[in-house]
Amino acid sequence: MKRNSYHLVSYEFSPWPLTGSMGALFLMLGLIGWFHLETYKLLLIGLLLILFTMFQWWHDVIRESTYQGFHTIEVSNGLRWGMILFITSEVLFFGGAYFHSSLVPSLETGLCWPPVGVYSLDPFGVPLLNTGVLLFSGITVTWAHHSLMEGNWFNGIQGLFCTFSLGIYFTFLQAGEYFETLFSIADGVYGSTFFVATGFHGLHVLIGSVFLFVCFMRVLFNHFSIGHHFGFEAAAWYWHFVDVVWLFLYLSIYWWGY
């Protein structure tokens, strides 16, 4: 196969889109089996297949960009536009169902928001702490980015380590918060929208933490240069997106819905 100047730069066909889609299918079926049949074997298969696909696909991208030099300006621009469109689609994912129910409460919710009988979380407790954690992580990831642009690898490593550590801390705090709630995902529209919105955001934080950890390891192995480090730029964009979405979630779900 003749190599082109776009983002599909491999000489051979890649099997990883197929294995990734199969992993997503098994993951969905495994979640259904876990919810209804209390079996998790298919869920584990889906998770392992997705993790395997992530590792192999990232390995191929790193090989193409770092060692083979296939990531030209055209390829980098294509990847940038792909990341921009991906983040845009993720922004549109959040908020629709929540605002539909909260702006015009129905009779079933008691014509008020939060619904009658639901005791929402104190926005000035753990949610406010998590807000500070994510805002500070946005500072550290920017510090790491500017350090890499200046060729200061030591500060870049420190900034990345601080950022994904704060992401893990955020996940730990949110998991503890879920155990303290006085409502569940089964408690009507409030419970379902709360846990879906905050849970998916928590999943994004976890994915972003893994993304940044991979960049951290790549910096240690000297995969980036001053002028060519889009792998890290994509992770930084994604992390800033996570920060901004959390601010909207905090203001709308925790503070306004208190």
Side-chain angles (χ1 to χ4, degrees), residues 23-40 42-44 46-47 50 86-87 89-135 137 166-211 238-239 241-258:
L25 175 63
F26 291 152
L27 184 64
M28 181 194 69
L29 296 177
L31 285 171
I32 294 174
W34 182 33
F35 290 159
H36 295 281
L37 304 176
E38 296 185 359
T39 177
Y40 53 86
L42 198 58
L43 177 63
L44 288 178
L47 284 173
I50 287 177
F86 168 71
I87 292 176
S89 68
E90 291 288 285
V91 170
L92 299 176
F93 171 81
F94 289 93
Y98 180 83
F99 287 111
H100 171 76
S101 302
S102 60
L103 290 176
V104 187
S106 63
L107 184 63
E108 289 78 10
T109 64
L111 298 176
C112 62
W113 194 261
V116 175
V118 173
Y119 298 94
S120 57
L121 294 169
D122 182 6
F124 302 107
V126 174
L128 183 60
L129 175 59
N130 264 343
T131 302
V133 168
L134 273 190
L135 289 176
S137 71
L166 290 170
I168 295 172
Y169 183 50
F170 176 93
T171 304
F172 173 77
L173 289 175
Q174 190 172 48
E177 178 187 69
Y178 282 177
F179 284 105
E180 296 177 358
T181 56
L182 300 177
F183 56 91
S184 70
I185 196 172
D187 286 327
V189 65
Y190 183 87
S192 60
T193 53
F194 174 86
F195 282 102
V196 167
T198 60
F200 268 100
H201 178 268
L203 178 63
H204 283 72
V205 171
L206 193 59
I207 293 172
S209 300
V210 175
F211 202 172
Y238 188 85
W239 197 255
F241 151 72
V242 168
D243 289 346
V244 173
V245 168
W246 174 256
L247 290 177
F248 281 100
L249 289 178
Y250 175 76
L251 292 174
S252 59
I253 293 181
Y254 290 98
W255 183 70
W256 181 59
Y258 180 55

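The figures that follow rest on heavy atoms only: side chains count, while hydrogens, waters and symmetry mates do not. Residue numbers run from 1 in the order of the sequence given.
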Check your understanding: Between the side chains of Ser120 and Tyr254, is a donor N or O closer than 3.5 angstrom to an acceptor N or O?
Key -> no

When rounded to the nearest 0.5 Å, the distance separating CZ of Phe194 from OG of Ser184 is 11.5 Å

Heavy atoms of Val126 and Leu173 approach each other most closely as CG1-O, 3.9 Å

Run the side chain to side chain contact (heavy atoms under 4.5 Å, CB included) check on Phe200 and Phe195 step by step: do they pass?
CA-CA 8 Å; Phe200 268 100; Phe195 282 102; over 6 Å; no

One should read off an interatomic distance between Trp255 CH2 and Tyr250 OH, to the nearest 0.5 angstrom, of 9.0 Å

On a heavy-atom basis, the closest approach of Thr198 and Tyr178 is OG1-OH, 2.7 Å

Quiz item: Taking C-beta and beyond as the side chain, do Trp246 and His204 meet within less than 4.5 Å on heavy atoms?
Solution: no

In short, Val133 meets Leu166 closest at the heavy-atom pair CG1-O, 3.5 Å

Evaluation steps, side chain to side chain contact (heavy atoms under 4.5 Å, CB included), between Leu206 and His201: CA-CA 9 Å; Leu206 193 59; His201 178 268; over 6 Å; no

Distance col, row Leu44:CG vs Phe26:CZ, nearest 0.5 angstrom, shows 13.0 Å

One should read off an interatomic distance between Leu29 CG and Leu43 CG, to the nearest 0.5 angstrom, of 10.5 Å

Interatomic distance, CD@Gln174 vs CG@Asn130, rounded to 0.5 Å, equals 6.5 Å

With sequence neighbours left out, the residues meeting side chain to side chain contact (heavy atoms under 4.5 Å, CB included) with Ile168 are Phe164

Contact check, side chains of Pro123 and Leu128, non-hydrogen atoms, under 4.5 Å: no

Between Leu247 and Leu135, is there a side-chain heavy-atom distance shorter than 4.5 Å? yes

Could you check whether Phe211 and Trp239 have their ring centres less than 6.0 Å apart? no

If you look only at distance, which donor and acceptor atoms sit under 3.5 Å apart when one is on a side chain in residues 32-39 and the other is two or more places apart or in another chain?
none

Value for CD1 (Ile207) from CD (Glu90), rounded to nearest 0.5 Å, stands at 8.0 Å

Scanning both residues in full, the closest heavy-atom pair of Phe179 with Ala175 reads CD1-O, 3.0 Å

>> A quick test of your reading: do over 12 heavy atoms of other residues, nucleotides or ligands sit less than 6.0 Å from OH of Tyr169?
In response: no

